[in-house]
Amino acid sequence: MLDIKWIRDNPAAFDSALGSRGMEPMSGALLALDARRREAQTEAQAVQEDRNRLSKEVGAAKARGEDAAEIIARVGQLKERQGELEAAQKAAEAELNEVLAGIPNIPAADVPVGEDEAANVELRRHGAPPAFDFEPKQHFELGELLGQMDFETAARLSGARFVLLSGALARLERALGQFMLDLHTGEHGYTEVQPPVLVRDDALFGTGQLPKFAEDLYRTGDGYWLIPTAEVPLTNIVAGQMVDEGYLPRRYTALTPCFRSEAGAAGKDTRGMLRQHQFDKVELVSITHPDESEAELERKTACAEEVLKRLGLHYRTVVLSTGDMGFSATKTYDIEVWLPGQGTYREISSCSNCGDFQARRMNARFKPAGEKGTRFVHTLNGSGIAVGRALIAVMENYQQADGSIVVPEALRPYMGGRDVIGAPE
RNA sequence: GGAGGGAUGGCAGAGCGGUAAUGCAGCGGAUUGCUAAUCCGUCUACCCGAUAGGGUAGCGGGGGUUCGAAUCCCCCUCCCUCCGCCA
């Protein structure tokens with residue numbers, strides 16, 4: 001949620017930020033609404049002031065044994081007027097909040113301006129694509145060859161966009177998750193969390209999925225939502241809290257299933273397990289002091305990249321353009337891993353600084369030392385990393401001519417020492 | 001699912017129709033060789049105001065009664081305890 005006071009003071013910057021996201025200017029309409037709200041409020045408060053004063057006079061008059069009927073009549077008139085003003089104020093405020101809740105965050109000044117992903121800017125690459133002396137296969141070909149990646153059975157159980165892994169591949173998925181959690185908790189200072197994966201409306205409003213993106217989510221019959229990412233429960237840990245400044249930054253990680261309806265992705269990436277309704281992801285969330293969020297984004301991205309480095313995977317890191325960024329972000333880095341079977345880079349992690357946008361929505365604040373009042377914390381999230389996609393990347397990059405898959409060294413301790421999948425036992 | 005209890009400022013905790021006690025913590029200031037102690041101030045949000053300052057609201061949320069509601073009434077949400085069911 002944006003700060004209406006900021007919009008009041010910076011209408012031009014606000015409109016140009018909207019423009020960079022491909023939206024029409026809105027400051028005029030918003031400020032008119034804001035003015036309407038404040039006028040009604042100011043007047044209602046003046047009436048209330050009179051009313052309070054008169055009510056005290058009633059008490060005083062009665063204490064002296066005098067008749068207060070006349071004063072009481074005057075209060076009655078004021079009350080009616082106040083009711084009208086308050087109704088006007090509430091209506092304007094509700095409308096203002098509704099509009100504000102649907103406006104995306106302001107991109108940071110150093111984010112490249114552009115319409116879509118074509119304007120994203122590559123920042124760096126790590127490693128190089130592996131060389132093959134045969135035609136590398138895609139992950140689903142490899143998986144089906146191994147007999148351990150079964151889309152048919154999954155479809156029978158659940159329909160399209162589900163998969164059933166078994167045997168060594170199932171274990172590889174588990175190994176990847178454990179490896180990532182151990183890295184982030186053991187070396188990167190994150191606290192491991194096992195959060196609920198069913199949440200209430202408020203939590204999804206806080207991180208920005210609601211009210212605008214309800215169609216991307218699954219909902220249970222009794223009104224819970226399935227999380228599309230652990231960003232939701234992890235960030236909402238501080239919702240409504242006054243956090244201790246000395247306790248910032250707070251860093252949380254969790255390995256959870258994520259559920260997405262993929263409503264807007266009909267026909268996209270239908271083969272294989274690149275885009276599923278359910279997938280595992282290790283999430284990295286940070287709650288920081290406002291002065292530290294920029295540096296924290298760099299740190300977090302490095303934590304995610306470290307996973308790929310240890311797995312020996314080639315990747316590139318890009319900064320998303322204004323037109324490609326998510327709703328709540330001020331700045332986002334995507335990490336794209338090389339998939340030799342597809343011969344292309346695919347997103348495997350997305351790290352964002354949301355500034356105070358989410359904190360405002362969930363009212364997460366701290367009291368700065370030596371300052372009056374309170375401030376909103378900053379929140380960041382990032383995948384560290386998507387486990388299903390990491391599985392794909394390992395399979396395609398570590399495949400051999402016979403269809404077997406070499407287990408990256410970092411994962412072998414988690415695979416019972418095993419070094420190849422598909423080779424004779 | 002059944003039966004009770006509860007929700008008040010950062011925390012603890014009173015108030016149960018006359019307009020938010022008190023304690024602790026934090027922060028600011030005063031005082032004092034140092035430390036400590038003591039004293040004073042300090043809740044939050046919003047509105048008006050160039051500043052100084054002034055005002056309004058907030059006792060889980062929303063309605064209602066009343067001149068006046070944290071206190072009374074109605075609806076809702078959440079938390080806790082016990083029973084039942086259950087991984």
Side-chain angles (χ1 to χ4, degrees), chain A residues 1-9 30-98 100-101 194-206 210 219-225 233 236-248 250 256-257 287 289 356 359-377:
Chain A
M1 192 96 109
L2 296 176
D3 182 5
I4 186 65
K5 278 189 269 184
W6 181 85
I7 297 174
R8 214 184 285 156
D9 295 338
L30 279 172
L31 293 184
L33 213 45
D34 179 47
R36 183 141 64 84
R37 180 193 118 239
R38 286 187 294 150
E39 261 168 49
Q41 179 174 352
T42 303
E43 205 178 333
Q45 287 183 356
V47 175
Q48 178 68 261
E49 192 178 349
D50 289 344
R51 230 184 109 188
N52 286 344
R53 203 188 58 244
L54 290 173
S55 286
K56 276 185 191 164
E57 285 179 22
V58 172
K62 285 192 170 173
R64 290 191 302 267
E66 298 170 8
D67 179 33
E70 192 193 325
I71 307 177
I72 290 174
R74 280 169 62 197
V75 173
Q77 290 169 359
L78 288 177
K79 208 173 161 182
E80 198 175 325
R81 174 69 183 141
Q82 190 186 353
E84 293 164 13
L85 289 164
E86 282 180 352
Q89 181 198 340
K90 271 191 184 176
E93 197 168 307
E95 199 180 331
L96 184 64
N97 282 335
E98 198 186 319
L100 279 177
Q194 272 288 343
V197 300
L198 297 181
V199 297
R200 294 190 225 278
D201 296 12
D202 287 351
L204 285 155
F205 181 85
L210 290 181
R219 192 165 202 198
T220 67
D222 56 351
Y224 289 106
W225 300 88
N236 275 284
I237 288 173
V238 294
Q241 301 280 304
M242 186 73 76
V243 308
D244 182 359
E245 181 177 3
Y247 195 27
L248 297 174
R250 293 161 77 160
T256 70
I287 313 298
H289 188 284
D356 65 4
R360 227 174 252 291
R361 288 175 157 251
M362 58 179 76
N363 197 26
R365 299 170 297 166
F366 70 100
K367 290 192 183 217
E371 263 180 57
K372 240 180 110 77
T374 63
R375 291 183 72 183
F376 290 106
V377 297

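Letters A, B, ... mirror the listed sequences (proteins, then strands); counts begin at 1.
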Atom pairs, protein N/O to nucleotides 75-80 of chain B N/O, distance under 3.5 Å:
residue, atom, partner, partner atom, Å
B:C78, O3', A:R200, NH2, 3.1
B:C79, OP1, A:R200, NH2, 3.4

Euclidean distance, A:L85 CG relative to A:K90 NZ, rounded to 0.5 Å
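Taking NZ in A:K90 and CG in A:L85, the distance rounds to 13.0 Å.
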I need the A:I4 CD1 to A:E93 CD distance, nearest 0.5 Å.
11.0 Å
Please state how far atom [atom1] in [X] lies from atom [atom2] in [N], giving the value in whole angstrom units.
{"X": "A:L85", "N": "B:A57", "atom1": "CG", "atom2": "C1'", "value": "15 Å"}
{"X": "A:M242", "N": "B:A45", "atom1": "CE", "atom2": "P", "value": "7 Å"}
{"X": "A:K367", "N": "B:A45", "atom1": "NZ", "atom2": "P", "value": "8 Å"}
{"X": "A:R375", "N": "B:G10", "atom1": "CZ", "atom2": "P", "value": "18 Å"}
{"X": "A:N363", "N": "B:A45", "atom1": "CG", "atom2": "P", "value": "9 Å"}
{"X": "A:E86", "N": "B:C46", "atom1": "CD", "atom2": "P", "value": "18 Å"}
{"X": "A:F366", "N": "B:G26", "atom1": "CZ", "atom2": "C1'", "value": "14 Å"}
{"X": "A:E93", "N": "B:G58", "atom1": "CD", "atom2": "P", "value": "13 Å"}

Set of side chain to side chain contact (heavy atoms under 4.5 Å, CB included) partners for A:A101, sequence neighbours left out
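Checked A:A101 against side chain to side chain contact (heavy atoms under 4.5 Å, CB included); matches are A:M1, A:F205, A:P211, A:R361.
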For A:D9, side chain to side chain contact (heavy atoms under 4.5 Å, CB included) partners two or more places apart:
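For A:D9, no residue satisfies side chain to side chain contact (heavy atoms under 4.5 Å, CB included) once neighbours in sequence are set aside.
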Sequence neighbours left out, what passes salt bridge (Lys or Arg N to Asp or Glu O under 4.0 Å) with A:E95? Give chain and number order.
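Result, salt bridge (Lys or Arg N to Asp or Glu O under 4.0 Å) vs A:E95: A:R36.
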Could you tell me which residues satisfy salt bridge (Lys or Arg N to Asp or Glu O under 4.0 Å) with A:R250, sequence neighbours excluded, listed by chain and number?
none
Check this for me: A:R74, atom CZ, are more than 12 non-hydrogen atoms of other residues, nucleotides or ligands nearer than 6.0 Å?
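No, not enclosed.
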For [N] versus [M], give the span between their [atom1] atoms, rounded off to a whole number of Å.
{"N": "B:U44", "M": "B:G9", "atom1": "C1'", "answer": "8 Å"}
{"N": "B:U19", "M": "B:A70", "atom1": "P", "answer": "11 Å"}
{"N": "B:C76", "M": "B:A7", "atom1": "C1'", "answer": "14 Å"}
{"N": "B:G61", "M": "B:C78", "atom1": "P", "answer": "15 Å"}
{"N": "B:A69", "M": "B:U8", "atom1": "C1'", "answer": "14 Å"}
{"N": "B:G18", "M": "B:C27", "atom1": "C1'", "answer": "34 Å"}
{"N": "B:G53", "M": "B:A12", "atom1": "P", "answer": "33 Å"}
{"N": "B:C59", "M": "B:A21", "atom1": "C1'", "answer": "14 Å"}

Interface polar pairs with nucleotides 18-24 of chain B, N/O, under 3.5 angstrom:
residue, atom, partner, partner atom, Å
B:G18, N2, A:S55, O, 3.4

With a 4.0 Å cutoff (strictly under), does any side-chain N or O of A:R53 reach OP1 or OP2 of B:U56?
no
RNA chain B nearest-nucleotide lookup for A:R365 and A:G76: closer to the 5′ end is A:R365
Write out all pairs satisfying salt bridge (charged side-chain N to carboxylate O under 4.0 Å, His left out) with one or both partners inside residues 79-88 of chain A, taking only residues at least two apart or from two chains.
A:E43-A:R81, A:R81-A:E84
Stem list, RNA chain B (Watson-Crick or G-U pairing under 3.5 Å, at least 3 consecutive pairs)
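B:1-7 with B:77-83, B:10-12 with B:22-24, B:26-30 with B:38-42, B:43-48 with B:53-58, B:60-64 with B:72-76 - these are the stems of 3 or more pairs that involve RNA chain B.
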Taking every non-hydrogen atom, the tightest pair across [X] and [Y]:
{"X": "A:I71", "Y": "A:L54", "result": "CG2-O, 3.7 Å"}
{"X": "A:P257", "Y": "A:V197", "result": "CD-CG1, 4.2 Å"}
{"X": "A:A364", "Y": "A:V238", "result": "CB-O, 3.3 Å"}
{"X": "A:V47", "Y": "A:L78", "result": "CG1-O, 3.5 Å"}

Listed by chain and number, what are the ring-ring contact (aromatic ring centres under 6.0 Å, His included) partners of A:F366, not counting sequence neighbours?
A:H289
Report yes if the side chains of A:D3 and A:F376 come closer than 4.5 Å at any heavy-atom pair, otherwise no.
no
Please identify each residue that fulfils side chain to side chain donor-acceptor pair (under 3.5 Å) with A:R365, with sequence neighbours left out.
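Only A:N363 meet the side chain to side chain donor-acceptor pair (under 3.5 Å) criterion with A:R365.
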Within the sub-3.5 Å range, which N or O atoms of nucleotides 60-66 of chain B have a protein N or O partner, and how far apart are they?
residue, atom, partner, partner atom, Å
B:G63, OP1, A:K90, NZ, 2.4

Residues from residues 34-50 of chain A sitting under 4.0 Å of RNA chain B, heavy atoms only?
A:R37, A:R38, A:Q41, A:T42, A:Q45, A:Q48, A:E49
Quick one: which of B:A45, B:C67, B:C47 gets closest to the side chain of A:T374?
B:A45
